[in-house]
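Everything on this sheet refers to the single structure shown next.
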Amino acid sequence: MQEQDNQKPVIDSDTVNTDPSVATETANLDKAESAVVTQEVPAETVAIDKAPEPVVVEAVAAEPEIERESMEFDVIIVGGGPAGLSAAIRLRQLAIAAGNDEFMVCVVEKGSEFGAHTLSGAVIEPRALNELIPDWKEKGAPLNVPATEDRFYYLNSATRSTKVPDSLIPGPMHNNGNYIVSLGNVVRWLAVQAEELEVMMFPGFPADDILYNDDGSVRGVLTGDMGVAANGEAKPSFEPGYELLAKYTIFAEGSRGHLGKRLISRFDLDKDSDPQHYGIGLKELWDVAPEKHEQGVVMHGLGWPLTETGSTGGWWLYFDENNQVSFGLVADLSYHNPYMSPFDEMQRLKTHPVIKNVLEGGKRISYGARALTKGGLNSLPKFTFPGGVLVGDDAGFLNPAKIKGTHTSMKSGMLAAEAIFEALQADRQHDEVVAYTTMYKESWLYQDNYESRNFSPAIHRMGLFMGGAFTFIEHNLLKGKMPITLHDSMPDYDQLERANHAFQPTYLKPDGKLVFDKLSSVFISNTNHAEDQPVHLKLTDPTVPVSINLPLYAEPARLYCPAGVYEIVKDAEGAKFVINAQNCVHCKTCDIKDPSQNITWVTPEGGGGPNYPNM
């Protein structure tokens, strides 16, 4: 096995908590604990002025004495979402056209099946799909509902709203020619296309670590061990992970990929970029009464309730086929208020008449959440390094002004495939495929990103109204050719204000009809992890949640997590930080937003996590 990346601190070393009890504690902090729910907390209880710089926690492979099988491929793709599958399909298309039927492409996917972890609104722009599979309609791609009408609302309060005229909606938000879809079903269909092209597909096999050559170039990945107990010991069912080796490796893990994060740090890929910015997207799928359903209608909105906490983001209602409606909220993770709970904001949003009138009397059938990478062009890191590339949300190609990332992810995967195939045709391997960058800058994808480069920083820096006005001028009047470029240099994790200065919103109690709690929501996401396994949410310092985050920020993990993973509990010994890893829906929000950058998300045992149907 090749030498592993040894940046410090590393998982399972003395710097990271691996206590199977999954609870951390400090001395009695009754006063701080009571503040988590009802009281303001004096910031002076801990002498710290700002969050520390983020620490990249590097996972290490299992003990080297374990005998492992190796498999070699031309290209390995880590992640079976739109970007990864598009890359796989394009590679095999090129190989077949060149008469190289032996060209081997492998896709590893951590979900139990392709599409199991895929969650999006979604309205997709078919531009990349038209290029990748021109006859997708004849092949039965599940794009069955064209967008027929856009409606945009500003919610002034809990009861009032203003419908925005079409002429005032920023150009990128119009959806003529787009389709309302279940992105999970699109991914399942793409997986079938890849299989028909003889791509080797491995669902349920998370890439746990990166393998390197002696010269530091990426050589492949190590899949996770199966059958490891919570205490780190091998169970009778133990099966060691595989060494998957390739001439080039494409990382397509989605937003805040745990390997992509480490590659960005190791190769300093973001040294010339603004900090990356993220949102958390929460989605519910509803069956609604036929008389309330308007197939093809696309609704978006801003304003209440996020404005009560000074937060930004927006909501959607998409009317899909079969009387189903996709409802969701995206909350920017640059928010300031530590008491803001994205999940609870979504729940009370449903009580607004604009939303309630559609959903009331219907049945909620699924729920999920995930982070999205939304910094845009200014936050895009360098995405090539020796032996590999980043594609899709692992890099951050999403167009935030369009609120769309599927077409950009697919195109990035296709460009990477073309650049890598060209390198392999020249008998190269394990070097840096700089042609990928060149192809990107010459493609419509770069233009798509460039025209929307100011959207996120405008909203973050100017606020909802001024930022929205800036966006309207840039896109509707100047057609994306604004002569200035805005920047947003403060990372999301460093945005929280102190708890003793923050407004505490009042959230609704669940009624089981419109408003639900986190645990019943996780239940319908079909989330499951084997209980007797190491916790995949690693704490660099197990004392930080109670000693720093609790008194300064009322420990926001218990609120920003959309699945009830994190809790502060109190007993006779004081306050404790408890991790309920079984609930995790793999959204990565904790890895992004933790103000101390103390939580690192890594892959659990293969097949664990949500199993989203039709999402």
Side-chain angles (χ1 to χ4, degrees), residues 11 22 59 78-85 107-120 182-185 187-188 191 201-209 221 223-228 230 241 251-261 278 280-285 343 366-373 392-394 518-538 557 560-566 579-592 599-615:
I11 299 176
V22 205
V78 180
L85 291 174
V107 180
V108 292
E109 162 58 35
K110 63 184 176 67
S112 60
E113 65 170 357
F114 288 90
H117 289 179
T118 301
L119 181 144
S120 182
S182 157
L183 189 59
N185 290 341
V187 165
R188 292 178 177 93
M201 312 283 276
F202 293 101
F205 284 84
D208 183 65
D209 203 0
V221 295
T223 65
D225 295 335
M226 305 284 282
V228 178
F251 293 86
E253 306 163 281
S255 185
R256 194 71 164 193
H258 83 117
L259 300 183
K261 174 184 171 183
Y278 301 87
I280 177 173
L282 306 102
K283 175 180 176 177
E284 294 179 348
L285 191 64
F343 175 87
S366 191
Y367 164 83
R370 56 157 288 189
L372 56 150
T373 310
D393 255 11
D394 230 349
K518 289 182 180 179
L519 294 185
S520 65
S521 300
V522 172
F523 179 78
I524 62 171
S525 72
N526 301 307
T527 293
N528 185 60
H529 298 86
E531 291 188 8
D532 187 18
Q533 66 171 298
V535 174
H536 66 280
L537 301 155
K538 306 294 186 179
Y560 60 58
C561 174
V565 170
Y566 301 103
I579 302 176
N580 304 300
Q582 170 76 3
N583 293 356
C584 180
V585 295
H586 298 197
C587 73
K588 320 285 184 64
T589 303
C590 56
D591 192 298
I592 297 164
I599 302 173
T600 295
W601 188 97
V602 299
T603 51
E605 190 169 289
N611 286 277
Y612 293 133
N614 205 34
M615 291 284 272

In short, A207 meets V108 closest at the heavy-atom pair CB-CG2, 4.4 Å
Distance col, row N583:CG vs F523:CZ, nearest 0.5 angstrom, shows 12.5 Å
Apply ring pair (Phe, Tyr, Trp, His ring centres under 6.0 Å) to F251 and list each qualifying residue two or more places apart in sequence or on a separate chain. none
Identify, with sequence neighbours excluded, every residue that meets salt bridge (Lys or Arg N to Asp or Glu O under 4.0 Å) alongside D394. none
Spacing of N614 atom CG and S182 atom OG [to the nearest 0.5 Å]: 4.5 Å
Between P610 and C584 the two heavy atoms that sit nearest each other are CD-O, 4.4 Å
For Y612, check ring pair (Phe, Tyr, Trp, His ring centres under 6.0 Å) against everything at least two apart and list the hits. none
NE2 on H258 to CG on D209, rounded to 0.5 Å: 8.0 Å
Which is it for F202 and V107 under the side chain to side chain contact (heavy atoms under 4.5 Å, CB included) test, yes or no, and what are the steps along the way? CA-CA 6 Å; F202 293 101; V107 180; over 6 Å; no
Check ring pair (Phe, Tyr, Trp, His ring centres under 6.0 Å) between Y566 and all other residues, then give those that pass, not counting sequence neighbours. F577
Check the pair E113 / R188 against salt bridge (charged side-chain N to carboxylate O under 4.0 Å, His left out), numbers first and verdict last. CA-CA 8 Å; E113 65 170 357; R188 292 178 177 93; 3.2 Å; yes
In this structure, NZ of K518 is separated from CG of N580 (nearest 0.5 Å) by 11.0 Å
Is the shortest side-chain heavy-atom distance between K588 and S255 below 4.5 Å? no
With a 3.5 Å distance limit and no angle check, can you tell me whether E605 reaches the backbone of A530 through a side-chain donor-acceptor pair? no
Looking at every heavy atom in both T603 and P206, which two are closest together, and how far apart are they? CB-CB, 3.7 Å
Output, in order, the C-alpha distance, side-chain angles, deciding distance and verdict of salt bridge (charged side-chain N to carboxylate O under 4.0 Å, His left out) for R370 and D393. CA-CA 12 Å; R370 56 157 288 189; D393 255 11; 2.8 Å; yes
Sub-3.5 Å donor-acceptor pair from the side chain of D532 to the main-chain atoms of A230, do we have one? yes
Separation between OG1 of T589 and CG of L282, rounded to the nearest 0.5 Å: 7.5 Å
Looking at every non-hydrogen atom in both residues, tell me the closest pair between G281 and L372 and how far apart they are. N-CD2, 3.7 Å
In chain order, what residues pass the ring pair (Phe, Tyr, Trp, His ring centres under 6.0 Å) check against H117, with sequence neighbours excluded? H586
V585 and its side chain to side chain contact (heavy atoms under 4.5 Å, CB included) partner, picked from N526, T527, L119: T527
Looking only at non-hydrogen atoms, find the nearest pair between Y367 and A369 and report the distance. OH-CB, 4.2 Å
Partner residues of T118 under the side chain to side chain contact (heavy atoms under 4.5 Å, CB included) criterion, sequence neighbours left out: L183, V187
After noting the C-alpha distance and the side-chain angles of N528 and Q582, does the key distance pass the side chain to side chain contact (heavy atoms under 4.5 Å, CB included) rule? CA-CA 6 Å; N528 185 60; Q582 170 76 3; 3.1 Å; yes
K261 and D591: side chain to side chain contact (heavy atoms under 4.5 Å, CB included), yes or no, with the steps? CA-CA 10 Å; K261 174 184 171 183; D591 192 298; 2.8 Å; yes
Worked verdict on F114 versus M201 for side chain to side chain contact (heavy atoms under 4.5 Å, CB included): CA-CA 9 Å; F114 288 90; M201 312 283 276; 3.7 Å; yes
Got C561 and C590 here, is their nearest side-chain heavy-atom distance under 4.5 Å? no
pair W601-L537: side-chain heavy atoms closer than 4.5 Å: yes
Would you give the length of the straight line joining atom CD1 of I524 to atom CG of L285, rounded to the nearest 0.5 angstrom? 9.0 Å
Do you know the tightest heavy-atom contact between E109 and G81? OE1-N, 4.5 Å
